[in-house]
There are 2 protein chains.
Amino acid sequence: MLDRLVRKLAHGAALSENDHACLSHIVRHARIVEPQQRLVDEGDANQRVLVMLEGWAYRSKLLASGERLITDLILPGDISHVLTNLLGYADHSVTTLTSGIMAEIHPAEIEVALECSLGLRRALRWSSLQTDSILRQALINNGRRLAATRIAHLICEVRARLHAVEVSVEESFAWPLTQDELGDVTAMTKVHVNRSLRVLRENGLILLQQRRMHVPDAGRLAAFCDFTPDYLHLGYNSAEVRRSEMRASTMEMQAAVRQRVD
Amino acid sequence: MLDRLVRKLAHGAALSENDHACLSHIVRHARIVEPQQRLVDEGDANQRVLVMLEGWAYRSKLLASGERLITDLILPGDISHVLTNLLGYADHSVTTLTSGIMAEIHPAEIEVALECSLGLRRALRWSSLQTDSILRQALINNGRRLAATRIAHLICEVRARLHAVEVSVEESFAWPLTQDELGDVTAMTKVHVNRSLRVLRENGLILLQQRRMHVPDAGRLAAFCDFTPDYLHLGYNSAEVRRSEMRASTMEMQAAVRQRVD
DNA sequence: GTAGCTCGCCAACATATGTGAGGGCCAAAT
DNA sequence: ATTTGGCCCTCACATATGTTGGCGAGCTAC
């Protein structure tokens with residue numbers, strides 16, 4: 001059951017047997033969660049740390065006007081609300097998208113585990129840095145790219161993150177977001193999401209049907225939106241290699257797509 | 001010289017004398033930096049941690065198209081690139097805006113300091129959570145608000161953050177950003193920044209002159225953009241911290257620490 | 001069955017923001 | 001004295017995205 005979590009953290013630090021034991025101990029009280037279940041409410045004086053063992057969720061914030069934005073997706077293996085026991089209250093809400101398995105950790109247990117395990121300290125610091133990096137990437141995506149590219153980039157990111165915790169994403173994968181929710185992630189209206197999905201579909205880049213995302217050619221999609229997985233800090237030993245490989249293939253792809261678009 | 005840094009971290013955790021000593025030790029090699037000096041380059045295999053003791057800087061990312069976005073501002077007392085030694089390379093650039101004083105910390109020293117000081121571990125975790133929170137707020141601002149409001153909100157945030165480290169922001173304060181740079185922060189073009197600043201000026205909300213930001217009525221500006229400083233997690237509740245300190249000193253915890261020492 | 005709901009889909013129109021160009025001011029360089 | 005370059009400012013026009021409203025397919029409740 002810890003599979004996703006362990007695989008995820010392994011990208012950040014080598015975990016010893018002792019580290020694994022600590023990890024198992026703190027997430028031993030996992031429970032089933034329902035889709036569309038509010039786990040944390042903005043403003044809660046809530047001190048729990050959530051670990052998503054299976055399933056999707058998201059963090060969101062509201063404006064006074066009622067407008068909403070989903071700031072980040074929580075995928076299997078992700079830790080939500082990390083170490084939030086140091087803040088007085090939650091600055092965002094957390095809601096599930098699918099049913100799933102979630103562990104809730106009491107702050108005191110987190111403290112103990114961190115004291116016991118160097119590997120865990122490393123892994124959680126890494127996880128926190130990855131979160132930052134993903135947020136920064138979202139900022140530049142939403143701020144500086146056109147709608148279709150923004151969506152394409154999100155799809156590539158989710159694919160890469162799922163792949164990193166060994167969820168199969170070969171030809172297609174589960175995509176629980178409605179178009180409305182997708183708009184809340186990419187900072188646009190559902191109408192424009194619909195328009196942009198059509199563009200992607202008409203270019204043969206994706207097919208979204210019955211909550212499944214089909215990506216016939218992941219390389220072409222990545223080229224279309226200029227996606228490079230560096231910022232996810234996965235497989236960090238081979239980062240150099242993958243980066244140069246990626247650049248080479250990206251150039252080819254871009255040329256191909258440019259031809260097609262003209 | 002550590003003034004800003006200490007004041008900032010004090011918002012996150014109570015620091016003992018020992019903690020202060022650790023802090024002084026790791027930032028002892030501070031140096032002067034120039035305006036517009038590139039400190040870290042996207043892609044660098046750089047492992048330093050930067051602490052901005054005085055002056056402003058920013059983190060930015062580039063797209064392949066050459067477009068730029070400033071993902072966050074680094075203000076006096078802020079720690080840049082926290083614990084980045086766990087990542088293989090920098091996922092963003094860091095550039096100074098003003099001259100200032102900066103300390104560069106070697107990863108090994110960070111590790112030692114963190115092992116030595118519980119207060120510092122707390123403070124850095126808090127700082128990291130605050131960074132996340134600021135990034136999420138930026139996402140919803142840039143994604144869901146109109147230009148003038150976005151800019152107004154940024155001004156309110158900077159005011160609050162400067163105030164938190166005891167930089168005077170009474171009637172006016174230094175504002176080193178050009179309109180072009182401001183556009184890179186708020187995800188718009190410099191032309192539109194100019195238009196929006198005019199709106200704010202004509203409404204008597206701000207006056208930006210010679211790189212000084214004048215805010216005649218901070219309350220009115222905050223009301224205009226619906227700014228609430230909660231998400232900055234400043235003004236920390238001392239009762240709350242005392243409570244978590246008590247938790248930290250449970251038997252469990254002491255046992256854990258003893259184990260670690262062996 | 002039918003009513004009511006959510007969700008995907010689409011079209012016509014409205015508008016916030018981007019683009020490209022240019023003028024004025026001022027300090028630094030020549 | 002002149003030039004250069006950065007920055008602020010503005011206009012006219014272009015366009016990406018928002019808004020409103022509508023249609024139909026599927027699902028559930030009754």
Side-chain angles (χ1 to χ4, degrees), chain A residues 34-36 63 65-70 95 97-98 140-155 174-203 206-214 224-225 261, chain B residues 34-36 63 65-70 95 97-98 140-154 174-203 206-214 224-225:
Chain A
E34 303 298 311
Q36 303 296 336
L63 288 181
S65 62
E67 288 181 292
R68 186 178 75 151
L69 196 90
I70 293 177
T95 313
L97 279 163
T98 67
I140 188 163
N141 280 337
N142 293 352
R144 291 291 191 220
R145 293 213 235 240
L146 297 184
T149 337
R150 270 189 341 240
I151 294 177
H153 194 278
L154 180 72
I155 296 167
W175 184 267
L177 291 165
T178 67
Q179 293 189 2
D180 209 353
E181 289 162 340
L182 180 50
D184 280 339
V185 181
T186 51
M188 52 183 124
T189 58
K190 63 182 174 187
V191 177
H192 204 54
V193 167
N194 189 285
R195 277 195 278 251
S196 307
L197 285 175
R198 185 174 53 192
V199 170
L200 294 175
R201 189 191 328 126
E202 284 170 356
N203 279 52
I206 64 158
L207 187 62
L208 177 50
Q209 253 175 356
Q210 267 115 20
R211 303 289 158 86
R212 274 197 90 72
M213 180 65 71
H214 300 258
F224 173 77
C225 61
V261 167
Chain B
E34 303 298 312
Q36 303 295 336
L63 289 180
S65 62
E67 288 180 292
R68 186 179 73 151
L69 196 90
I70 293 177
T95 313
L97 280 162
T98 68
I140 188 163
N141 280 336
N142 293 353
R144 290 292 190 218
R145 294 213 234 239
L146 297 184
T149 339
R150 267 185 349 236
I151 294 177
H153 194 281
L154 180 73
W175 185 266
L177 292 165
T178 66
Q179 294 189 358
D180 210 353
E181 288 161 341
L182 180 50
D184 280 340
V185 180
T186 50
M188 52 183 126
T189 59
K190 63 182 174 188
V191 176
H192 205 54
V193 167
N194 190 286
R195 278 195 277 251
S196 308
L197 284 175
R198 185 175 53 193
V199 170
L200 294 175
R201 191 191 327 127
E202 285 169 356
N203 280 51
I206 64 158
L207 187 62
L208 178 50
Q209 254 175 357
Q210 266 114 23
R211 302 289 157 86
R212 275 197 89 73
M213 180 66 70
H214 299 259
F224 172 78
C225 60

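Reminder, nothing fancy here: chain letters follow the sequence lines and each chain counts from 1.
- Summarising the geometry, the separation between CE on A:Met188 and P on D:dT15 is reported as 20 Å, rounded to the nearest angstrom.
- Proximity of B:Asn194 to the phosphate of D:dC8: no side-chain N or O atom is located under 4.0 Å from OP1 or OP2.
- Put simply, CZ on B:Arg201 is 11 Å from P on D:dC8, counting in whole angstrom units.
- Between A:Leu208 and B:Glu67, it is A:Leu208 whose nearest contact on DNA chain C lies nearer the 5' terminus.
- The residue A:Thr189 sits close to a base: some heavy atom pair falls under 4.0 Å.
- Remark: the backbone N or O of A:Arg68 is paired with a side-chain donor or acceptor of B:Arg144 at under 3.5 angstrom.
- Nucleotide D:dG6 holds its P atom 12 Å from the CD atom of B:Gln36, rounded to whole Å.
- Of the side-chain N and O atoms in A:Arg195, none sit less than 4.0 angstrom from OP1 or OP2 of D:dA16.
- Residue contacts shown for A:Arg198 are limited to sugar-phosphate atoms, with no base heavy atom under 4.0 Å away.
- When only modelled atom types and interatomic distance are considered, A:His192 and A:Arg195 share a side-chain donor-acceptor pair under 3.5 Å.
- Considering only the side chain of A:Arg150, D:dT17 comes nearest among D:dT17, D:dC7, D:dG21.
- Nucleic acid contact for B:Leu197: none, since no nucleic acid atom lies under 4.0 Å from a heavy atom of the residue.
- Nearest heavy atom pair, residue A:Gly183 against residue A:Val193, reads CA-CG2, 3.4 Å.
- Judged purely by atom type and a 3.5 angstrom limit, A:Arg150 uses its side chain to pair as donor or acceptor with the backbone of A:Thr186.
- Distance from the side chain of B:Leu146 is smallest for C:dT17 among the nucleotides C:dT17, C:dG8, D:dA16.
- Two residues are said to be in side-chain contact when any heavy atoms from C-beta on lie closer than 4.5 Å; B:Leu154 and B:Leu182 meet this criterion.
- The CG atom of A:Leu97 sits 17 Å away from the P atom of C:dT6 (whole-angstrom rounding).
- One atom, CG of A:Leu177, and another, C1' of C:dC7, lie 14 Å apart when rounded to the nearest Å.
- Across all strands, A:Arg144 comes closer than 4.0 Å to no nucleic acid atom at all (heavy-atom distances).
- If you find the closest nucleotide of DNA chain D to A:Ala148 and to A:Val191, the one lying nearer the 5' end belongs to A:Ala148.
- Residue B:Gln210 contributes atom CD, which lies 15 Å from atom P of C:dC25 at whole-angstrom precision.
- In this structure, CD1 of A:Ile151 is placed 12 Å from P of C:dG8, rounded to the nearest angstrom.
- Between B:Arg211 atom CZ and D:dC7 atom C1' there is a gap of 7 Å when expressed in whole angstrom units.
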